[in-house]
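What you see is a predicted model, and the numbers here were worked out from it, not measured in a lab. Throughout, protein chains are lettered first and strands after them, A, B, ... in sequence-line order, and every chain is numbered starting at 1.
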There are 2 protein chains.
Amino acid sequence: MSMHLDTVFAALGDPTRRAILAMLLEDDMAVTDVAEPFDMSLAAISKHLVVLTGAGLISQEKRGRVKWCKLEPDAMREASIWMQSFGQFEAVNLDDFERFLAAELKAEP
Amino acid sequence: MSMHLDTVFAALGDPTRRAILAMLLEDDMAVTDVAEPFDMSLAAISKHLVVLTGAGLISQEKRGRVKWCKLEPDAMREASIWMQSFGQFEAVNLDDFERFLAAELKAEP
DNA sequence: GTGATATTCAACCATTTGGTTGACGTTTTC
DNA sequence: GAAAACGTCAACCAAATGGTTGAATATCAC
């Protein structure tokens, strides 16, 4: 159980991986397409995807020669519950969140 | 802004540090007392506290020769908001959470 | 002021992490 | 079947991480 917390939080600690997750919010993507915006080798992205898969934050399914990456939002649930104990976080303002996420995406890949 | 996410998530990725945060939920503690339940040197705990402080998850205040550690719940807010986007997490059941936290504390130090 | 207590510092060590490059195995396309 | 596209593997590297020990620095208590 806490193994999940280890791997989930560790996975989220990297800005490249968070940016990948944010990209996958929009839609499933092939590995090559995930890698495209980043200034880094395909192999490096492939490793990041292994980490994200290990944490259960995404799943990967191979169809033909294309491996599709899919967000798995449930994996964050346990971690989210853990976090909520440390304060009373007001409900997310979706407008604020959209701006926040846009800034994240622009700043980090 | 995303620097916070890096340091906060990275800090949370270590079970010792999460256990420390859970301990500090109950009350402020001196460094020596924080270190007591762990099977690891005081210096190692001191380093973990540096990481937690760097992430803003705790603050430390020296009074006399004792350095008090205090939980700073606000630091998790940004990270929590980020996480909430990836799924609809039902409201935390406090009973579940108590049991979860107890298990965390027992399993990890 | 001497000694004990509280904490950090410094040097060191092993392991992990995040990246590279080049070769390799599949699947598709022509 | 040859060539291109998709993705991983293997070997390597530098830097960061998590731990150790022993010395150093304050502070408190007597």
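- For B:E61 and C:dT8, the CD to P distance is 14 Å, given to the nearest whole Å.
- Nearest to the side chain of A:A30, among D:dT20, C:dG19, D:dG7, sits D:dG7.
- A:M23 is listed as a side-chain neighbour of A:P37, based on a closest heavy-atom distance under 4.5 Å.
- The side chain of A:S46 lies closest to D:dT8, out of D:dT8, C:dA6, D:dG18.
- Note: CD1 (A:I45) to P (C:dT17) measures 17 Å, nearest angstrom.
- Put simply, CZ on A:R63 is 15 Å from P on D:dC6, counting in whole angstrom units.
- The residue A:R17 sits close only to the backbone: its heavy atoms come under 4.0 Å of sugar-phosphate atoms, none of a base.
- If you check every strand for non-hydrogen atoms under 4.0 Å, B:K47 touches a base.
- Nearest heavy-atom pair, A:E72 versus A:S59, reported as atom, atom and distance to 0.1 Å: OE2-OG, 2.7 Å.
- If you measure from atom CG of A:L49 to atom P of D:dG7, you get 10 Å, rounded to the nearest angstrom.
- For the pair B:L52 CG and D:dT17 C1', the interatomic distance rounds to 14 Å; values are reported in whole Å.
- Across the protein-nucleic acid pair, A:D14 atom CG and D:dA15 atom P stand 18 Å apart, rounded to whole Å.
- Residue B:D33 contributes atom CG, which lies 8 Å from atom P of C:dA6 at whole-angstrom precision.
- At a cut-off of 3.5 angstrom, the base of C:dT26 holds no donor-acceptor pair with the side chain of A:R65.
- Scanning all heavy atoms of the two residues, the minimum distance from A:R18 to B:D6 falls at NH2-OD1, 2.7 Å.
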> Would B:V31 and B:Q60 count as a side-chain contact (heavy atoms from CB on, under 4.5 Å) if you check the C-alpha gap in whole Å, the side-chain angles of each, and the deciding distance to 0.1 Å?
Replying inline: CA-CA 9 Å; B:V31 172; B:Q60 290 181 287; 3.9 Å; yes

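- Toward the 5' end of DNA chain C, the nearer of the two residues A:L42 and A:K62, judged by each one's closest nucleotide, is A:L42.
- Listed candidates were C:dT8, C:dT7, D:dG7. Nearest to the side chain of B:T32 is C:dT7.
- Nucleotide D:dA16 holds its P atom 22 Å from the CZ atom of B:F9, rounded to whole Å.
- A pairwise comparison of heavy atoms in A:L12 and A:L21 identifies CD2-CD1, 3.5 Å as the closest pair.
- Across all strands, B:A43 comes closer than 4.0 Å to base atoms (heavy-atom distances).
- Under 4.0 angstrom from either OP1 or OP2 of D:dT20 there lies at least one side-chain N or O belonging to B:S41.
- Remark: B:H48 is not in phosphate contact with D:dT17, judged by side-chain N or O atoms under 4.0 Å from OP1 or OP2.
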